[in-house]
Amino acid sequence: MRVLVAGGGIAGLSTALLAAARGHEVELLVKGALGDGCTPHAQGGIAGVYGPGDSPALHALDTAHAGDGLGDPVAIAALVDGASAAVRRLAAAGVVFDRAADGALARGLEAAHSRPRIAHAGGDATGRAVSAALTARVREARVRVREHAPAADLLAGDGRVHGIRLLGGGIGRGEEIEADAVVLATGGAGQLFAHTTNPAGTTGDGIAMALRAGAAVADLEFVQFHPTVLDGGTGFLVSEAVRGAGATLVDEDGRRFLLEEHPDAELAPRDVVARAVARRAAAQGAPVRLDATGLGAAELARRFPTIDREIRSRGWDWSREPVPVTPAAHYLMGGVVTDVDGRTSLPGLWAVGETARTGVHGANRLASNSLLEGAVFAARLVQALTSSSVVGRAQRDETPHVIGRPPSPVVGRAQRDETPHRLARDQLQHLLWTRVGLLRTPEGLASAVRDLDAWRAPDIRTVHDLEDANLLTVARAMASAALARTESAGAHHLDAPALIGAR
């Protein structure tokens with residue numbers, strides 16, 4: 001079987017490796033260089049190392065609780081049941097996980113986990129270690145890798161997806177690559193927002209292509225904002241594991257304020273912490289601060305070497321003084337609807353990782369379930385792809401909160417001929433941040449839908465143009481989904497207009 005995988009993070013790399021090992025002919029497309037993307041930026045670890053008093057069942061309960069009860073129990077069970085095997089596969093692929101004194105895998109604690117079950121590599125460099133190991137294995141495997149090969153659209157006909165069209169030079173049509181199965185693993189859409197932890201290429205490409213092809217997409221209103229990103233527009237994330245190790249969040253008077261918001265304080269679900277940080281910063285007119293001084297300089301440097309270097313490079317000694325932090329867009333819980341084996345609503349099309357909406361995260365992702373999701377569901381996808389007699393069987397007849405087809409299936413064509421305003425990315429990002437961001441109102445969402453409708457995607461000449469078109473496609477779907485969900489749930493929170501956009 002010829003398998004075409006788009007995306008070079010943990011989900012795409014794992015899919016390519018496992019499919020090649022099963023004897024499939026695999027081609028891996030990456031928009032930039034192999035090793036780019038979100039995975040290398042993941043400081044947090046990978047959940048699933050169960051010690052005494054812990055179990056997959058407890059992990060499932062924590063995942064469901066963090067998702068505000070909206071997670072799919074079948075998907076959650078698949079995730080936690082596959083966790084230990086996923087960690088073992090990564091270790092076998094060359095990821096050197098941190099060890100305790102007795103030689104067992106060290107287990108860290110992160111927010112909303114009831115037990116320490118997080119495996120880390122290099123302290124706070126798990127994603128980098130995973131990306132490096134899997135990239136090396138892919139280069140050794142029988143996988144054809146095509147770098148700097150941006151996917152523009154899906155090829156479809158006779159009721160199924162049968163390939164991908166690459167971006168062509170100038171305004172011409174690009175190369176068309178045929179395949180028996182197309183796997184979207186292109187990540188999320190963090191670049192929709194003015195403030196994000198995601199790298200520049202995270203522009204919703206796979207989700208936009210799926211929307212244009214008519215695939216079911218759901219839960220785009222659920223966007224996770226990480227609560228502790230260094231203030232000042234750096235986008236540099238200070239891992240939740242720092243709070244798991246004992247750091248606290250304090251206001252301008254040095255007082256812990258999360259105790260007033262949730263019994264778990266700094267280790268409450270991310271949506272709770274992020275909103276509390278935004279509100280306190282708005283109320284005091286200054287960023288809140290992360291106080292890790294109680295951990296000491298030696299422990300901070302040992303346990304969090306990457307973060308320690310970054311913070312000190314900016315002139316702060318965080319072993320002696322709290323550092324200013326702010327929320328930023330981090331992870332998209334929604335995406336292309338799949339079953340637990342990666343099948344989408346379109347025959348021939350599969351999706352995995354942040355691009356996919358398995359339902360496992362519900363309305364809010366539990367910390368360190370993202371790398372785990374990519375590894376677990378990649379293995380399930382390859383198993384299903386290999387054993388299924390019908391590639392890409394449609395997974396469901398009905399799916400809640402599904403976004404319909406966009407007005408135009410063609411990249412670069414004005415989605416509404418009468419729209420006069422050409423898209424500017426910085427304006428789009430500002431609109432999404434202020435009206436479809438951490439704190440929302442029905443009025444703000446309605447105005448966002450109207451304004452997004454009045455913008456026209458650019459003619460596609462460059463990768464940047466393609467990314468802008470994809471961002472606009474996903475932005476329209478996201479704003480519409482958020483407007484349609486009239487009750488607060490997890491990361492989708494309706495709040496007072498005065499707080500919208502406060503930093």
Quiz item: Going through the checks in order, is the salt bridge (charged side-chain N to carboxylate O under 4.0 Å, His left out) test met by Asp465 and Arg461?
Solution: CA-CA 6 Å; Asp465 293 335; Arg461 292 182 171 83; 5.6 Å; no

Exercise. For the pair Asp291 (side chain) and Thr293 (backbone), establish whether a donor and an acceptor sit closer than 3.5 Å, ignoring hydrogens and angles.
Key: yes

Exercise. Answer yes or no: are there more than 12 heavy-atom neighbours, outside His65 itself, under 6.0 Å from its atom NE2?
Key: no

Quiz item: Quick one: which of Ile46, Ile10, Ile118 gives a side chain to side chain contact (heavy atoms under 4.5 Å, CB included) with Leu372?
Solution: Ile46

Quiz item: Are a donor atom and an acceptor atom from the side chains of Gln191 and Glu467 found within less than 3.5 Å of each other?
Solution: no

Practice problem: Would you please test Arg115 and His59 for side chain to side chain donor-acceptor pair (under 3.5 Å) and show each step? | Solution: CA-CA 8 Å; Arg115 303 287 191 278; His59 187 184; over 6 Å; no

Quiz item: Got a donor-acceptor contact below 3.5 angstrom from the Arg476 side chain to the Leu452 backbone?
Solution: yes

Quiz item: Asp451 and Leu431: side-chain contact (heavy atoms from CB on, under 4.5 Å), yes or no, with the steps?
Solution: CA-CA 9 Å; Asp451 286 353; Leu431 184 153; 3.7 Å; yes

Quiz item: Between the side chains of Asp124 and Ser239, is a donor N or O closer than 3.5 angstrom to an acceptor N or O?
Solution: no

Quiz item: Can a cation-pi geometry be assigned to Arg365 and Tyr331, taking NZ or CZ under 6.0 Å from the six-membered ring centre and within 45° of the ring axis?
Solution: yes

Exercise. List the steps, then state whether salt bridge (charged side-chain N to carboxylate O under 4.0 Å, His left out) holds for Glu310 with Arg312.
Key: CA-CA 6 Å; Glu310 180 70 20; Arg312 291 183 182 279; over 6 Å; no

Exercise. Establish, from distance only, whether the side-chain atoms of Asn369 and Thr63 form a donor-acceptor pair under 3.5 Å.
Key: yes

Exercise. Evaluate the side-chain contact (heavy atoms from CB on, under 4.5 Å) criterion for residues Val242 and Thr228: first the C-alpha distance (whole Å), next the side-chain angles of each, then the deciding distance (0.1 Å), finally the verdict.
Key: CA-CA 10 Å; Val242 177; Thr228 52; over 6 Å; no

Practice problem: For the pair Arg357 and Thr338, evaluate side chain to side chain donor-acceptor pair (under 3.5 Å) and give the outcome as yes or no after the intermediate values. | Solution: CA-CA 6 Å; Arg357 181 271 191 190; Thr338 72; over 6 Å; no

Quiz prompt | Residue His262 excluded, over 12 heavy atoms near NE2 under 6.0 Å | solution = yes

Self-check item: Whether Gln43 side chain and Leu237 backbone form a donor-acceptor pair below 3.5 Å
Solution: yes

Self-check item: Identified salt bridge (Lys or Arg N to Asp or Glu O under 4.0 Å) partner of Asp251 from the options Arg256, Arg279, Arg280
Solution: Arg280

Practice problem: Compute whether any side-chain donor of one residue and acceptor of the other, for Thr197 and His226, lie under 3.5 angstrom apart. | Solution: no

Practice problem: Begin with the C-alpha distance, continue with both residues' side-chain angles, and end with the deciding distance and a verdict on side-chain contact (heavy atoms from CB on, under 4.5 Å) for Val436 and Leu445. | Solution: CA-CA 6 Å; Val436 197; Leu445 292 171; 4.0 Å; yes

Quiz prompt | Distance-only donor-acceptor check, side chains Arg440 and His492, under 3.5 Å | solution = yes

Practice problem: Kindly give the heavy-atom pair with the smallest separation between Ala475 and Leu192, and that separation in Å. | Solution: CB-CD2, 3.7 Å

Quiz item: Could you give the distance from CG (Leu220) to CZ (Arg485), rounded to the nearest 0.5 Å?
Solution: 11.0 Å

Self-check item: Side chain proximity check, His113 to Leu366, heavy atoms < 4.5 angstrom
Solution: yes

Quiz item: Would you say the side-chain atoms of Asn470 and Thr473 include a donor-acceptor pair closer than 3.5 Å?
Solution: no

Practice problem: Could you tell me the separation between the CG atom of Asp341 and the CG atom of Leu381, rounded to the nearest 0.5 Å? | Solution: 7.5 Å

Practice problem: Look up atom CZ in Arg117 and atom OG in Ser368, then write down how far apart they are to the nearest 0.5 Å. | Solution: 10.5 Å

Quiz prompt | CG-CG distance between Asp468 and Asp459, expressed to the nearest 0.5 angstrom | solution = 12.0 Å

Self-check item: Modelled atom types, side-chain donor and acceptor of Arg303 and His120, under 3.5 Å
Solution: yes

Quiz item: Do Trp318 and Asp308 meet the criterion of a side-chain donor-acceptor pair at a distance under 3.5 Å?
Solution: yes

Quiz item: Rounded to the nearest 0.5 Å, what separation is found between the CD atom of Gln427 and the NE2 atom of His430?
Solution: 9.5 Å

Quiz item: Would a 4.5 Å heavy-atom cut-off, applied to side chains only, mark Thr202 and Cys38 as touching?
Solution: yes

Exercise. Without swapping roles, check the side chain of Asp81 against the backbone of Ala78 for a donor-acceptor pair under 3.5 Å.
Key: no

Exercise. Taking Thr196 for its side chain and Ala329 for its backbone only, find out whether a donor-acceptor pair lies under 3.5 Å.
Key: yes

Self-check item: Any donor-acceptor N or O pair under 3.5 Å, side chains Glu266, Thr248
Solution: no

Quiz item: Nearest heavy-atom pair of Ala292 and Leu300: which atoms, and what distance?
Solution: O-CD1, 3.9 Å

Self-check item: Pairs meeting criterion salt bridge (Lys or Arg N to Asp or Glu O under 4.0 Å) with involvement of residues 192-207, two or more places apart
Solution: Lys31-Asp205

Self-check item: Test side chain to side chain contact (heavy atoms under 4.5 Å, CB included) applied to Val325 and Val229, Val288, Asp231, the passing residue
Solution: Val288

Quiz item: salt bridge (Lys or Arg N to Asp or Glu O under 4.0 Å): which pairs involve residues 318-335, sequence neighbours left out?
Solution: Asp317-Arg320

Quiz prompt | Among Leu79, Val340, Asp72, side chain to side chain contact (heavy atoms under 4.5 Å, CB included) partner for Val360 | solution = Leu79

Practice problem: Answer yes if the side chains of Gln224 and Asp271 hold a donor-acceptor pair under 3.5 Å, and no otherwise. | Solution: no

Quiz item: Taking the six-membered ring for Trp, are the ring centroids of Trp350 and Phe377 within less than 6.0 Å of each other?
Solution: no

Quiz item: Distance from Arg380 atom CZ to Thr358 atom OG1, nearest 0.5 Å?
Solution: 10.0 Å

